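Note on naming: letters A, B, ... go to the chains in the order of the sequence lines (proteins, then strands), and numbering restarts at 1 for each one. No experiment lies behind these values; they were computed from the predicted model shown.
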4 protein chains.
Amino acid sequence: MIYIAWMDEHTDQTRKPRADAVRNRERVLEAAKAVFNAGGPEASLEAVAKRAGVGIGTLYRHFPTREDLFEAVYRREVEQLSELAEQLKNASDPVDALRRWLRSGVEFVATKKGMVAALALAVQSGSELHAFSFERLTKAIGSLLDRAAAAGAMRADVSPEDLLRAFFGMCYMHDQPGWQSSVLRMLDVFVDGLRVQPAMKAKVRASAKPAKPAAKRKR
Amino acid sequence: MIYIAWMDEHTDQTRKPRADAVRNRERVLEAAKAVFNAGGPEASLEAVAKRAGVGIGTLYRHFPTREDLFEAVYRREVEQLSELAEQLKNASDPVDALRRWLRSGVEFVATKKGMVAALALAVQSGSELHAFSFERLTKAIGSLLDRAAAAGAMRADVSPEDLLRAFFGMCYMHDQPGWQSSVLRMLDVFVDGLRVQPAMKAKVRASAKPAKPAAKRKR
Amino acid sequence: MIYIAWMDEHTDQTRKPRADAVRNRERVLEAAKAVFNAGGPEASLEAVAKRAGVGIGTLYRHFPTREDLFEAVYRREVEQLSELAEQLKNASDPVDALRRWLRSGVEFVATKKGMVAALALAVQSGSELHAFSFERLTKAIGSLLDRAAAAGAMRADVSPEDLLRAFFGMCYMHDQPGWQSSVLRMLDVFVDGLRVQPAMKAKVRASAKPAKPAAKRKR
Amino acid sequence: MIYIAWMDEHTDQTRKPRADAVRNRERVLEAAKAVFNAGGPEASLEAVAKRAGVGIGTLYRHFPTREDLFEAVYRREVEQLSELAEQLKNASDPVDALRRWLRSGVEFVATKKGMVAALALAVQSGSELHAFSFERLTKAIGSLLDRAAAAGAMRADVSPEDLLRAFFGMCYMHDQPGWQSSVLRMLDVFVDGLRVQPAMKAKVRASAKPAKPAAKRKR
DNA sequence: AATGAATGAGGGTTCATTCAT
DNA sequence: TATGAATGAACCCTCATTCAT
């Protein structure tokens with residue numbers, strides 16, 4: 001966020017923020033990222049403030065609720081993941097584009113494990129963050145899925161939400177260093193399963209009875 | 001766990017446990033199951049005691065740590081899931097056996113969502129419960145995987161641990177009623193991906209470079 | 001409160017309370033009385049606990065809300081004031097009985113100024129304590145008023161509630177030692193005003209237009 | 001309080017206050033009146049500042065203590081009540097003048113309930129505001145009482161302070177809409193009691209033993 | 001002068017855990 | 001053994017007050 005100018009005091013508009021305010025906000029964000037990554041999303045806000053080297057009141061001024069802090073911390077991360085999907089839209093092989101997004105996702109998550117925990121919590125609590133993140137990521141991943149489905153290369157009964165949840169769920173269930181290779185393996189299996197397999201399709205459908213056959217996705 | 005007899009520490013004699021002790025232990029377990037399923041694994045122990053109709057002290061006597069209580073609550077559940085795998089070992093189609101286990105697992109979990117949360121917590125904390133559960137379930141699911149791999153019907157670079165984590169992770173990332181159909185869809189995709197696909201295999205291997213090619217599993 | 005016996009543990013009835021629990025409860029009450037009298041009804045509960053020499057948790061166990069503590073502290077006081085009215089019902093001169101109750105009330109309040117503050121707060125917040133106290137005292141004072149009105153000795157357009165509020169209001173608005181004499185003087189004036197004054201009545205009524213002429217009181 | 005000019009501390013010269021300072025001071029006063037009337041005298045100063053549309057720092061500059069703000073807010077109100085008494089000094093019937101002042105007081109207070117709470121608080125804390133208000137109002141009401149006493153129409157053992165406290169106390173002890181009629185009734189009783197009643201006087205004195213018989217008032 | 005950010009003390013509340021009965 | 005009282009650490013949150021801009 002960059003403030004360039006400020007308005008006259010009587011018009012009640014944006015003003016140049018104080019330098020220390022900007023610095024503190026940034027410090028709190030950094031600290032929160034670290035603390036949440038280490039102690040999970042239920043870590044104490046006081047711990048965050050302490051690590052940031054600011055008073056607890058300052059933390060509250062910038063982020064009145066825990067949710068607000070989460071959001072500020074994770075919104076950017078979510079957006080990066082989402083932009084990655086945008087770029088992959090132009091890749092030649094649609095299925096491969098999806099696989100690459102997922103693999104990049106693992107790398108990405110590897111450096112911010114706390115985000116996954118926060119998302120998991122958000123899923124449970126049905127919070128703002130959840131709504132925002134899922135909408136954003138769903139849109140992104142959805143475009144990849146749609147392209148592949150349109151090309152007839154991929155089964156169409158998997159929604160972006162399904163995929164996202166599976167992806168984050170897999171990541172969440174790990175806590176050991178080196179977990180990535182496990183998830184990468186699983187994702188490969190996954191993408192292989194997504195490919196349309198003419199010979200197999202009939203059988204699969206017969207035995208599995210998907211609840212919503214090829215549900216028309218909203219986007 | 002049922003106490004039939006135990007040694008008295010001072011007299012070195014065998015004694016029967018008091019009837020009320022046995023009854024209370026059972027009550028606490030029932031209450032804990034209910035409370036953890038409803039309020040998540042962080043629910044207050046006092047709530048458990050109250051629901052069990054015993055004093056908090058009694059709860060602590062039987063289960064000195066929260067972990068102990070978790071373990072006692074979920075050990076049986078885990079064992080049931082595990083036994084299911086034993087039975088499926090005799091099914092004709094090994095891949096189908098796996099699929100059936102996973103689908104049963106969804107049904108099972110649907111009635112005890114708390115267990116998944118507890119496992120997720122256990123994963124994070126690297127606790128006893130985790131060790132026990134994973135060992136037990138890994139053994140069970142491993143035998144299914146091994147049979148399929150031995151029959152040449154399934155790729156061999158997915159470990160039972162991978163599979164379990166993916167399974168529980170998917171379940172965990174849901175909170176809406178009706179989440180099962182989503183997970184079932186994903187599991188189908190998964191199993192399809194696991195089948196050996198001669199034409200595809202080469203390509204997959206070439207592009208995916210699995211970290212541990214067909215790692216020899218410990219069990 | 002005296003516990004004499006306790007019931008068998010299986011019938012889930014009253015038990016003999018632990019000696020320390022009784023002692024602590026009493027200590028907290030004493031401390032609360034002192035602290036509320038000194039610092040007003042908004043004094044910190046931690047201060048009460050500290051003065052009582054118990055942990056804050058103990059205070060909360062005995063009195064889960066501030067209200068509960070108030071009530072325990074002031075219920076007895078209110079009852080004493082109320083019983084005094086009962087006794088005066090048998091006095092010969094009804095008007096004098098009222099006057100004597102009021103004068104005794106001043107003496108009573110003089111030793112527990114905190115009660116008045118608590119009542120004042122209770123009036124503002126419309127709390128339980130208020131409801132209880134006013135019902136109790138209203139009934140008591142109402143019987144004195146009724147007797148006097150029935151004897152034709154006193155105007156009937158003043159309700160017990162009116163009277164109580166005036167009484168406590170006068171007491172509340174003082175903070176200096178020796179305030180009692182001031183209130184006593186005012187109460188004399190008051191009671192004089194309550195006497196039926198034939199010659200004056202017409203004039204008073206003409207000019208004052210009481211909102212509810214001789215409102216039938218509920219009790 | 002209106003600044004017309006002030007001395008600059010360094011140059012020892014007279015200066016006009018900045019226009020915005022004057023405006024802000026006025027805004028804060030208006031806001032404080034509203035906020036205190038609504039939320040009681042313990043309302044947060046930040047709420048006042050926000051309503052006034054100024055920074056909290058500005059509020060503190062103009063009114064370094066909460067007391068200062070109270071005083072500024074209520075000084076004018078007190079003066080209005082006091083002036084009313086001045087005007088009534090010329091009424092023909094001294095007792096009726098008193099009654100009319102009290103009745104007007106009720107109306108007045110009805111629109112600024114916060115003032116009563118502030119005064120009550122001030123009584124408890126023995127603050128500046130209390131001193132000022134009581135001196136001012138005492139003088140005003142005292143002149144009404146004196147006139148009546150001099151005319152032999154009213155007992156002389158009630159001081160203006162007594163009267164004021166009783167008046168405000170009655171008002172304070174109410175929180176329901178429509179409380180005015182109750183207070184008006186009580187005030188009528190009061191004034192009736194104040195009238196000299198030859199036949200009754202002896203009896204009253206005999207039984208009541210006033211602490212300070214007809215205390216010579218200071219003013 | 002005005003602003004609003006920073007601070008931290010202070011109070012409320014919960015709960016895991018220990019211990020007296 | 002069973003009970004539930006006692007304890008206090010830990011958190012959350014608010015706000016009066018100070019201070020940098």
For nucleotides 7-14 of chain F, read 5' to 3', which letter fits each nucleotide if B means a protein heavy atom sits under 4.0 Å from the base, S means only the sugar-phosphate is that close, and - means neither?
BBB-SBBB

Based on Watson-Crick and G-U pairs with both distances under 3.5 Å, what dot-bracket line describes DNA chain F 5' to 3', crossing pairs as [ ] and inter-strand pairs as |?
.||||||||||||||||||||

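Qualifying side-chain hydrogen bond (donor to acceptor under 3.5 Å, both in side chains) partners for D:T65, counting only residues two or more places apart in sequence or in other chains: D:D68. Taking C:E67 as the reference, C:S127 meet the side-chain hydrogen bond (donor to acceptor under 3.5 Å, both in side chains) condition, with sequence neighbours excluded. Applying the side-chain hydrogen bond (donor to acceptor under 3.5 Å, both in side chains) criterion to C:D175, with sequence neighbours excluded, gives no partner residue. The salt bridge (Lys or Arg N to Asp or Glu O under 4.0 Å) search around D:R76 returns D:E26, not counting sequence neighbours. Residues forming a side-chain contact (heavy atoms from CB on, under 4.5 Å) with D:A120 (at least two apart in sequence, or on another chain): C:Y172, C:M173, D:Y172.
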Between side-chain atoms of residues 52-61 of chain D and protein atoms elsewhere (two or more places apart, or another chain), which donor-acceptor pairs fall under 3.5 Å?
none

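Counting to the nearest Å, the C1' atom of F:dA2 and the CZ atom of B:R25 are 16 Å from each other. Counting to the nearest Å, the P atom of E:dA1 and the CG atom of D:D20 are 9 Å from each other. Atom CG in C:D68 sits about 14 Å away from atom C1' in E:dT13, given to the nearest Å. The distance from atom CD of B:E67 to atom P of E:dA16 is 14 Å, rounded to the nearest whole Å. Atom pair C:K50:NZ and F:dA6:C1' shows a separation of 17 Å (rounding to whole Å applied). Note: CZ (B:R23) to C1' (F:dT1) measures 12 Å, nearest angstrom.
For the pair D:H62 and E:dA2, the criterion of a side-chain N or O lying under 4.0 Å from OP1 or OP2 is met.
Annotation: the span from A:H130 atom NE2 to A:F70 atom CZ amounts to 14.0 Å, rounded to 0.5 Å.
Each salt bridge (charged side-chain N to carboxylate O under 4.0 Å, His left out) pair with one or both residues in residues 31-59 of chain A, not counting sequence neighbours, appears once here: A:K33-A:E77.
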